[in-house]
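Notes to accompany the following structure.
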Protein chains: 2
Amino acid sequence: MRILVVEDDVNLNRQLSDALKESGYVVDQAFDGEEGHYLGETEPYDAVILDIGLPQMDGITVVEKWREAGKGMPVLMLTARDRWSDKVSGIDAGADDYVAKPFHVEEVLARVRALIRRAAGHSSSEIICGPVRLDTKASKASVDGIQLKLTSHEFRLLSYLMHHMGQVVSRTELVEHMYDQDFDRDSNTIEVFVGRLRKKIGVDLIETVRGLGYRMQAPNDAH
Amino acid sequence: MRILVVEDDVNLNRQLSDALKESGYVVDQAFDGEEGHYLGETEPYDAVILDIGLPQMDGITVVEKWREAGKGMPVLMLTARDRWSDKVSGIDAGADDYVAKPFHVEEVLARVRALIRRAAGHSSSEIICGPVRLDTKASKASVDGIQLKLTSHEFRLLSYLMHHMGQVVSRTELVEHMYDQDFDRDSNTIEVFVGRLRKKIGVDLIETVRGLGYRMQAPNDAH
DNA sequence: CTTCGACCACGAGAATACGCATGAAACTGT
DNA sequence: ACAGTTTCATGCGTATTCTCGTGGTCGAAG
């Protein structure tokens with residue numbers, strides 16, 4: 001899962017980004033409205049954390065522009081004080097949620113989790129696919145009840161696949177959501193990781209759809 | 001749009017319900033956790049507003065039970081002020097959003113709007129033609145409920161035909177949509193693929209219109 | 001009603017593209 | 001410097017796609 005943090009306060013930005021990375025997300029940072037807007041429009045993020053008060057272009061304008069351009073990713077707004085009118089207009093402009101400063105980082109993390117899982121159409125913080133269980137809250141996964149030991153990229157791969165269960169996920173889509181900005185596209189890294197994941201969670205769970213990508217699904221189709 | 005309000009404070013409950021009705025929603029009211037849980041499990045709501053502190057059963061438990069039972073409707077939680085940990089656990093239990101008391105009714109309305117808007121984006125994209133079902137989002141197709149195993153070109157062909165159901169689709173049109181750029185015109189690949197598709201989904205569904213192309217249609221023509 | 005020509009279906013093999021395993025090399029943080 | 005992790009290159013096996021040839025079907029015209 002790839003997240004964009006747009007916040008001009010350098011310290012706060014780093015604090016948030018670090019916490020997110022710790023939870024296993026890939027994070028891009030922006031420090032003013034224009035940079036943030038540009039990134040959000042060109043890169044595919046699973047969620048955006050957006051300060052409302054920003055140099056160059058304020059947060060509300062940024063969201064509005066994204067929504068006009070058809071970008072639908074979930075946006076969590078950071079509002080300065082208890083300016084509740086800001087919150088309302090932010091939400092109506094297209095933001096999906098807000099947190100008032102000052103906030104606990106834990107809370108922001110919980111809200112980001114909720115936004116991402118809601119965007120994927122899941123209602124609880126645990127996603128279950130056959131014997132595999134993904135605990136988004138703790139960033140852990142298990143098979144048949146026993147904990148998995150996954151490397152960070154393996155976890156990101158599993159997480160993305162499980163958030164898009166039943167759907168075919170292309171290689172490029174995976175690359176875009178597992179890595180930040182620049183990454184050499186032609187390589188078989190994804191295949192390698194899929195292979196390693198399959199070895200750990202069982203080979204039947206990730207189906208390969210030739211020419212399109214991969215699909216995660218509980219294996220009950222004998223067909 | 002039908003909304004459930006679960007709140008034990010009679011005044012607050014009425015206040016919210018009135019505001020919602022004013023906005024054009026249909027509103028049901030509940031005044032304790034058990035009643036709320038029962039209603040939410042038996043009636044189909046588009047959104048629920050749920051107080052966290054309730055008699056009989058607290059809000060977090062209510063959400064958890066709903067989620068376990070597979071109920072996925074968006075839930076907006078009302079939390080007592082400053083109970084930061086409550087918010088986090090509420091969100092992780094499966095609530096989609098929360099508002100801290102005391103709140104402005106305007107704000108609750110904005111959030112309900114946002115929740116419903118989000119939920120609407122998850123209607124599944126399926127095309128059905130007789131016994132054939134095509135799920136474009138998952139890149140899957142089935143006949144009489146059983147999964148089809150289609151290759152990527154077969155799927156593309158089926159997809160195009162089903163998107164133009166009832167219309168005659170010419171060979172060149174198909175070629176142009178199944179292949180990027182240039183393609184050797186003198187070849188009968190399309191015919192080959194139509195043949196293979198017919199073998200998999202049943203021969204009656206794709207009618208050949210001599211001299212023009214193919215037409216997909218549910219087979220009920222006594223002709 | 002028959003015949004003719006164009007159009008289409010289908011099978012089987014050849015050519016290709018694709019995904020996978022593997023192991024070595026490069027990288028990372030401790 | 002070391003152990004764990006990630007990246008890259010190679011070659012192989014196979015599913016998929018394409019080509020080709022034959023025979024069948026349809027429709028119009030005589």
Side-chain angles (χ1 to χ4, degrees), chain A residues 18 21-22 24 26-27 139 141 148-161 168-216 223, chain B residues 139 141 147-161 168-216 221 223:
Chain A
D18 285 353
K21 282 177 195 159
E22 196 116 331
V26 178
V27 181
S139 298
L148 278 178
K149 190 175 179 310
L150 297 178
T151 71
S152 83
H153 281 213
E154 286 164 3
F155 180 80
R156 263 179 240 155
L157 174 61
L158 177 63
S159 173
Y160 195 83
L161 287 174
V168 173
V169 181
S170 73
R171 247 162 282 270
T172 46
E173 192 180 341
L174 285 170
V175 165
E176 281 169 349
H177 289 268
M178 288 174 60
Y179 296 89
D180 53 12
Q181 278 167 304
D182 30 47
F183 181 79
D184 186 9
R185 255 86 191 294
D186 344 321
S187 86
N188 61 351
T189 338
I190 296 297
E191 272 127 302
V192 172
F193 278 115
V194 169
R196 287 222 291 262
L197 235 195
R198 283 212 254 243
K199 218 170 264 179
K200 292 191 179 180
I201 70 174
V203 98
D204 299 329
L205 288 162
I206 303 173
E207 174 189 1
T208 127
V209 183
R210 187 174 242 261
L212 294 179
Y214 298 96
R215 168 168 48 208
M216 179 137 195
H223 203 68
Chain B
S139 298
Q147 270 271 340
L148 279 178
K149 192 173 178 307
L150 297 179
T151 71
S152 113
H153 279 197
E154 286 164 4
F155 185 83
R156 252 179 288 181
L157 174 61
L158 178 63
S159 175
Y160 193 83
L161 287 173
V168 175
V169 180
S170 74
R171 242 162 285 267
T172 46
E173 195 179 341
L174 285 171
V175 166
E176 278 164 1
H177 283 89
M178 289 176 59
Y179 298 90
D180 40 359
Q181 307 245 321
D182 36 41
F183 182 79
D184 187 9
R185 251 80 191 299
D186 315 340
S187 92
N188 63 347
T189 38
I190 295 298
E191 274 125 308
V192 171
F193 279 111
V194 170
R196 289 223 293 258
L197 236 193
R198 282 211 256 244
K199 207 173 274 178
K200 292 189 179 180
I201 70 174
V203 104
D204 299 329
L205 288 160
I206 303 173
E207 174 189 1
T208 127
V209 182
R210 203 179 173 78
L212 295 178
Y214 298 95
R215 168 168 47 201
M216 178 140 195
D221 45 282
H223 203 57

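Nothing here was measured: the structure is a model prediction, and the numbers come from that model. In what follows, chains are A, B, ... by sequence order, proteins preceding strands, each numbered from 1.
For the pair B/Phe193 CZ and D/dA15 P, the interatomic distance rounds to 16 Å; values are reported in whole Å. Between the P atom of D/dT16 and the CG atom of B/Leu150 lies a distance of 10 Å, rounded to the nearest Å. Between A/His153 atom NE2 and D/dC8 atom P the separation is 12 Å, expressed in whole Å. Rounded to whole Å, the distance from CD1 on B/Ile206 to C1' on C/dC8 is 14 Å. Taking atom CD1 of residue B/Ile190 and atom C1' of nucleotide D/dC18, one finds them 12 Å apart after rounding to whole Å. One can place CG of B/Leu197 at 12 Å from P of C/dC10, the figure rounded to the nearest angstrom.
Of the residues listed (A/Leu148, A/Ile206, A/Leu205), the one engaging A/Leu197 in a side-chain contact (heavy atoms from CB on, under 4.5 Å) is A/Ile206, and it is the only one.
Rounded to 10°, the angle separating the first-five-pair axis and the last-five-pair axis of the helix from C/dC1-D/dG30 to C/dT30-D/dA1 equals 40°.
Closest to the side chain of A/Ser187, from the set D/dT6, D/dC8, D/dT17, is D/dC8.
Minimum heavy-atom separation, B/Val194 to B/Leu157: N-CD2, 3.8 Å.
Here the side chains of A/Ile190 and A/Met178 are in contact, with some heavy-atom distance below 4.5 Å.
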field: Contact letters for nucleotides 16-30 of chain C, in which S counts primed atoms plus P, OP1 and OP2 and B counts the base, heavy atoms under 4.0 Å
entry: --BBBBB--------
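By the 30° and 60° cut-offs, the orientation of the rings of A/His153 relative to A/Phe193 is tilted.
The shortest distance between the side-chain N/O atoms of A/Ser152 and the OP1/OP2 oxygens of D/dT5 is not below 4.0 Å.
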